[in-house]
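In what follows, chains are A, B, ... by sequence order, proteins preceding strands, each numbered from 1.
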Amino acid sequence: MTKKAPKLTKIEEHNIAMWDEAKISRFRQTLLSWYDDSKRDLPWRHTSNPYYIWVSEIMLQQTQVDTVIPYYNRFVTTLPTVKDLAEASEDTLLKLWEGLGYYSRVRNMKVAANQIVAEHNGIFPDDFKDILSLKGIGPYTAGAVSSIAFNKVQPAVDGNVMRVLSRLFELDLDIGKPSNRLVFEEMIRILIDRERPGDFNQALMDLGATICTPKNYKPENSPVKEFNASFLNETWMKYPIKKSKKKVKEEDYIVLALSNNKGEYLFERRGSKGVLAGMWSFIMISKADLKEDEWKSFPSQTDGLSEPEMTRLYKKVKDEYGLTIELDNEMKGTYTHVFSRLKWYLNIYKGQIVNEHTMAKQTSYIHPDQFSETAFPVPTQKVWELINTITLF
DNA sequence: AAGTCGTGGTG
DNA sequence: TCACCAAGACT
């Protein structure tokens, strides 16, 4: 008989010193009583409706609590049920999401709402695998909704939890590496409170957000400092381990705020891929495309346009948009928009549409009176604000 | 697996 | 100013 080698758990693989049952029990009690005393009063903590919990969790992805609160309140008031969400138009949804960023989140929510209507009779599913199969719901959100709304014993490992565990156990694991998330999940499956899994998960996140913070971390203030190996061993400055990110790419654009004789402005719907996919923007022309080949790789950022560049600009607008335009001589101003890994230097011009031929791109004229009915990403809003700024000389 | 996707806040 | 961060998921 050949004996199969016992399969190592990830905790064993990484030589993590997991606590014994008595210590785990004390940790749960200490953490939960701190949570009962000190938890933050948040709108989504006043409900056990899984739909509301779901909305909050999607909004909270990579987004701060203070930013989410007003969006959350408006969203659930406007769309109180899954069915309302499923029946809402994309325009309605994007308007509710306007300025929150990561717009695919709300598009995915609509897909998921349709799944719930089609496959679960409009009732939010309580089975973990069913929840995980919903569009836009990954391992974290499935665990969060399962544990918080349905009291299921499931881990919800986010950035907070990885940071907290890294410090508690002196984990030499890169928390930026996706495959390492499974190690943290395995640890939480052991540590999580069997009676109050949702509160346990939220307690770890509250701890990470308010005390076990990335910066200005003071481990002596932690309610679980006696469990904290990195505090006891004075190695807490090392944790968590995280490799630095890459530099941002920079791009220069000419932005054209073009109006017609009705006072309407021309907008273009961005392509279905890439940054701000499907969102409405003023016409943007890459400045690199206006330069002589040899200068293309040198960003000029906020310089004005030279004569030959201006000539190429007019030709490009005519060729690609079928528009004859007349620009104001002066650049109205500049605006720099910073994304996660991208930086836009926008040179903003105002102009009139003299003649319109064929429109190849997906464009729309919108009157300023109607702006409140359309969802504009922040760069579009900033450009509009800037061209309406009165400049003093 | 590594890139990509927004925005606002902070030291 | 700039780098990093915030309740991640998708490709």
_How close do A/P223 and A/I211 get, counting heavy atoms only, and between which atoms?_
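Smallest heavy-atom distance, with atoms named: CD-CD1, 3.8 Å.
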What is the distance, rounded to the nearest whole Å, between atom [atom1] of [X] and atom [atom2] of [N]?
{"X": "A/Y102", "N": "B/dC5", "atom1": "OH", "atom2": "C1'", "value": "5 Å"}
{"X": "A/K215", "N": "C/dA3", "atom1": "NZ", "atom2": "P", "value": "12 Å"}
{"X": "A/Y71", "N": "B/dT7", "atom1": "OH", "atom2": "P", "value": "9 Å"}
{"X": "A/K382", "N": "B/dG6", "atom1": "NZ", "atom2": "P", "value": "17 Å"}
{"X": "A/R107", "N": "C/dA9", "atom1": "CZ", "atom2": "P", "value": "18 Å"}
{"X": "A/D66", "N": "B/dG8", "atom1": "CG", "atom2": "P", "value": "14 Å"}
{"X": "A/R341", "N": "B/dT4", "atom1": "CZ", "atom2": "C1'", "value": "7 Å"}
{"X": "A/N108", "N": "C/dC10", "atom1": "CG", "atom2": "P", "value": "6 Å"}

*Is A/K238 paired with A/D172 through a side-chain N to carboxylate O contact shorter than 4.0 Å?*
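A salt bridge is present here (some side-chain N lies under 4.0 Å from a carboxylate O).
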*Atom CZ of A/F184 and atom CG of A/L204: how far apart are they, to the nearest 0.5 Å?*
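CG of A/L204 is found 12.0 Å from CZ of A/F184.
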*Could you grab the distance from atom CD of A/Q154 to atom CG of A/N201, nearest 0.5 Å is fine?*
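One finds 9.5 Å between CD of A/Q154 and CG of A/N201.
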What nucleotide, of [options], holds the atom closest to the side chain of [X]?
{"X": "A/V275", "options": "B/dC5, B/dT7, C/dC2", "answer": "B/dC5"}
{"X": "A/V378", "options": "B/dG8, C/dA7, C/dG8", "answer": "B/dG8"}
{"X": "A/Q64", "options": "C/dC5, C/dA9, B/dT7", "answer": "C/dC5"}

*asked:* Tell me whether A/T141 contacts the main-chain N or O of A/G138 through its side chain, where contact means a donor paired with an acceptor under 3.5 Å.
replied: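 Answer holds: no.
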*Residues from residues 137-149 of chain A lying under 4.0 Å of DNA chain C - heavy atoms*: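 Of all residues in residues 137-149 of chain A, the ones placing a heavy atom under 4.0 Å from DNA chain C are A/I137, A/G138, A/P139, A/Y140, A/T141.
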*Taking DNA chain C as the partner, which of residues 158-186 of chain A come within under 4.0 angstrom of it by heavy atom?*
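Output list: A/D158, A/G159, A/N160, A/R163.
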*Test ring-ring contact (aromatic ring centres under 6.0 Å, His included) applied to A/F169 and A/W19, step by step*: CA-CA 10 Å; A/F169 291 87; A/W19 305 329; 4.5 Å; yes
Using a heavy-atom cut-off of under 4.0 Å over every strand shown, decide if [X] touches base, sugar-phosphate, or nothing.
{"X": "A/W344", "result": "nothing"}
{"X": "A/N216", "result": "sugar-phosphate"}
{"X": "A/R45", "result": "base"}

*On a plain distance test, is the side chain of A/T63 in donor-acceptor contact with the base of B/dG6 below 3.5 Å?*
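In this structure, the two groups form a donor-acceptor pair.
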*With no angle test and no hydrogens, is the base of B/dG6 tied to the side chain of A/S340 by a donor-acceptor pair under 3.5 Å?*
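Check passes, donor-acceptor contact within cut-off.
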*Please find out if less than 6.0 Å separates the ring center of A/W384 from that of A/Y265.*
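Centroid separation for A/W384 and A/Y265: below 6.0 Å.
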